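Both counts, for ligands and for their atoms, begin at 1 and track the order of listing. These numbers were taken from a predicted model, which means no experiment stands behind them. Each residue takes its place number in the sequence, starting with 1.
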Amino acid sequence: MFSLSSNFFVVFTMILASFAPLMAQLNPNYYEKLCPQALPTIKTVVERAIAREPRMGASLLRLHFHDCFVNGCDGSILLDDTPTFIGEKTATPNNNSVRGFDVIDQIKAAVDKACHGNIVSCADILAVAAHDSVVALGGRSYKVQVGRRDALTASRTAANQNIPSPLSNFNSLLSNFQSHGLSLKDLILLSGAHTIGFARCLTFRSRIYNETKAIDASFASAVRTRCPPVGGDNNLSPLDSSAKIFDTVYFKNLVQKKGLLHSDQQLFKGDGSQADELVKYYSKNGGDFWTDFGVSMLRMGNLSPLTGTNGEIRKNCRKVNS
Ligand code: HEM
Ligand SMILES: *[C@@H]1O[C@H](CO)[C@@H](O)[C@H](O)[C@H]1NC(C)=O
Ligand SMILES: *[C@@H]1O[C@H](CO)[C@@H](O)[C@H](O)[C@H]1NC(C)=O
């Protein structure tokens with residue numbers, strides 16, 4: 001005889017099961033049975049690449065961001081343009097700017113070898129490489145979730161629309177993040193990724209020459225020496241004054257009006273806003289920055305992943321399987 005409560009339990013379980021395919025099925029242990037060597041192999045290649053060039057950690061972290069903000073974390077950013085296909089690599093925020101594609105190819109070759117086949121998606125490689133980069137440069141580990149599959153398509157238009165511009169004001173940055181289901185706190189924490197890496201002169205020229213009220217004068221004049229009013233568009237400046245270390249200096253710089261990008265300084269305007277308070281808090285609490293950054297990275301990494309039978313596991317991260 002079924003009691004009322006066991007009946008209820010059965011029905012409840014059936015309802016849960018029927019919803020399961022709708023829930024994102026990412027989890028930290030996805031490759032544990034499929035290929036236990038997958039994640040350690042990615043880590044090895046990432047560490048080798050960063051040892052060769054510390055900036056690569058920043059470049060890999062940014063790739064995951066630019067992937068996730070354009071129709072979800074689906075490896076779409078990795079698809080090469082062809083004569084018959086326009087992808088995201090040449091979208092305005094990416095063209096001559098995102099980098100690290102060769103390292104992604106090296107990782108893919110290494111995991112395919114370690115796993116004896118095509119098991120690990122390119123979208124997961126981006127998520128894991130971002131995590132390993134943060135850790136290699138001094139951040140804290142978090143349980144990176146995996147199980148994504150790769151997109152069959154990409155969209156330059158969507159990349160142009162969805163990746164925030166360095167000329168954005170605060171409200172537009174916040175509404176961009178909110179449109180991705182992310183919060184003010186996520187905006188502040190994830191922007192903390194600018195604790196590592198570099199930007200080209202053309203992305204901050206108008207700030208260092210024209211924002212005299214919102215920028216520290218000596219910082220502006222120092223940066224101007226590397227970024228002339230005309231020319232030198234690709235000259236690099238560090239996004240914070242310790243660009244190879246994942247620390248709180250980015251936030252400390254913002255409090256001193258030493259943000260490099262206009263969009264960076266918009267997060268701290270000295271007006272006592274909630275954003276200001278968060279920036280100030282994380283400038284002084286490195287432990288919380290590291291932990292909370294991991295939480296926000298997981299939230300970003302969960303943006304519309306392809307799972308189940310959607311998409312594919314790409315053999316070559318640069319093109320869809322034929
Ligand atoms: C909040 C809005 C954001 C804007 C407007 C923005 C804009 C930019 C710009 C303009 C650059 C320099 C690109 C170049 O000169 O070629 C850059 C670099 C970078 N961004 Fe962001 N970004 C934002 C958020 C993020 C987020 C959420 C992450 C990661 C979680 C991130 C990670 C990075 C990294 C690591 C670099 C340095 C890359 C390298 O050195 O290769 N950014 N960003
Ligand atoms: C991307 O950059 C290259 C090299 O500077 C340029 O020739 C090309 O027109 C750019 N593509 C787009 C879509 O802007
Ligand atoms: C600064 O602003 C002036 C006046 O709006 C403009 O003509 C000039 O091009 C700007 N300079 C830079 C480097 O953006």
Side-chain angles (χ1 to χ4, degrees), residues 49-50 53-69 73 81 86-101 103 126-127 129-131 133-134 137 139 156-157 159-160 162-170 172-180 182 184 186-212 220 223-224 227-240 243-246 250 254 259-267 275 293-294 296-301 303:
I50 292 175
E53 186 207 10
R55 185 188 175 194
M56 188 50 70
S59 306
L60 292 171
L61 174 56
R62 186 167 182 238
L63 272 186
H64 180 48
F65 164 50
H66 283 206
D67 185 33
C68 292
F69 265 50
C73 313
D81 284 9
I86 296 177
E88 294 165 18
K89 285 184 177 176
T90 50
T92 308
N94 292 336
N95 200 23
N96 304 310
S97 179
V98 284
R99 55 200 293 280
F101 298 111
V103 175
L126 288 174
H131 163 272
S133 296
V134 168
L137 295 174
R156 183 196 280 173
T157 311
N160 282 328
N162 284 284
I163 299 171
S165 154
L167 307 179
S168 305
N169 288 332
F170 176 78
S172 121
L173 293 169
L174 181 60
S175 59
N176 176 295
F177 272 61
Q178 286 173 337
S179 77
H180 292 98
L182 298 172
L184 169 65
D186 294 318
L187 167 64
I188 304 293
L189 284 160
L190 292 170
S191 296
H194 288 177
T195 181
I196 52 174
F198 295 80
R200 290 166 302 155
C201 171
L202 81 148
T203 66
F204 55 80
R205 176 180 284 128
S206 62
R207 167 157 167 76
I208 59 171
Y209 286 99
N210 274 339
E211 292 183 17
T212 44
V223 181
R224 281 183 209 132
C227 179
V230 180
D233 283 4
N234 296 321
N235 294 0
L236 295 175
S237 274
L239 281 158
D240 83 359
K244 294 172 186 176
I245 309 173
F246 201 92
Y250 169 75
L254 294 188
L260 184 64
L261 306 178
H262 172 79
S263 52
D264 289 327
Q265 199 60 57
Q266 283 291 299
L267 305 179
F293 181 80
S296 289
M297 283 294 284
L298 292 178
R299 285 163 57 73
M300 184 173 87
L303 293 177

Does any part of the side chain of [Y], heavy atoms only, come nearer than 4.5 Å to the side chain of [X], both counted from C-beta?
X	Y	value
L187	L182	no
Y250	L254	yes
L126	C73	no

At a heavy-atom distance under 4.0 Å, which protein residues reach ligand 2? Sort them by chain and number, would you?
T90, N95, N96, R156
Could you list which atoms of ligand 3 come closer than 4.0 Å to a heavy atom of R205?
13 (C)
Using a strict 4.0 Å cut-off to heavy atoms of S206, name the atoms of ligand 3 that fall inside it.
14 (O)
Candidates S168, S165, A130; heavy atom nearest atom 5 (C) of ligand 1 found on S165
Distance from [X] atom [atom1] to [Y] atom [atom2], nearest 0.5 Å?
X	Y	atom1	atom2	result
R207	Q265	CZ	CD	4.5 Å
L267	S191	CG	OG	4.5 Å
N162	N176	CG	CG	7.0 Å
L167	S206	CG	OG	5.5 Å
E88	H66	CD	NE2	10.5 Å
F177	L190	CZ	CG	5.5 Å

Could you tell me whether ligand 1 has any atom less than 4.0 Å away from a heavy atom of F204?
no
Heavy atom of L187 under 4.0 Å from ligand 1?
yes
For the side chain of [X] and the backbone of [Y], is there at least one donor-acceptor N/O pair under 3.5 Å apart?
X	Y	value
N235	C201	no
H180	F69	yes
R205	C227	no
S168	S165	yes
T195	I245	yes

So if I count the atoms of ligand 1 from 1 in the order they appear, which ones are less than 4.0 Å from some heavy atom of [X]?
X	value
F177	1 (C)
R55	39 (C), 40 (O), 41 (O)
S97	13 (C), 14 (C), 16 (O)
S263	5 (C)

Indicate the atoms forming the closest heavy-atom contact of R62 with S97, along with that distance.
NH1-OG, 2.8 Å
Counting only protein N, O or S atoms and ignoring waters, those under 2.8 Å from atom 21 (Fe) of ligand 1 are H194 NE2
I'd like to check whether R200 has a polar contact with ligand 1, where a contact means an N/O of the residue lying under 3.5 Å from an N/O of the ligand.
yes
Would you say N96 has any N or O atom under 3.5 Å from an N or O of ligand 1, going by distance alone?
no
Heavy atom under 4.0 Å from ligand 1: found in T203's side chain, backbone, both, or neither?
side chain
Matching residue for T90 among N95, D81, N96, N160 - test: side-chain hydrogen bond (donor to acceptor under 3.5 Å, both in side chains)
D81
Which residue owns the protein heavy atom closest to [atom], what's the atom, and how far is it?
atom	result
atom 35 (C) of ligand 1	A58 O, 3.1 Å
atom 41 (O) of ligand 1	S59 OG, 2.7 Å
atom 3 (C) of ligand 1	P164 CG, 3.9 Å

Should we count CD1 of I86 as having more than 12 external heavy atoms under 6.0 Å?
no
Heteroatom distance test (N210, ligand 3): nitrogen or oxygen, under 3.5 angstrom
yes
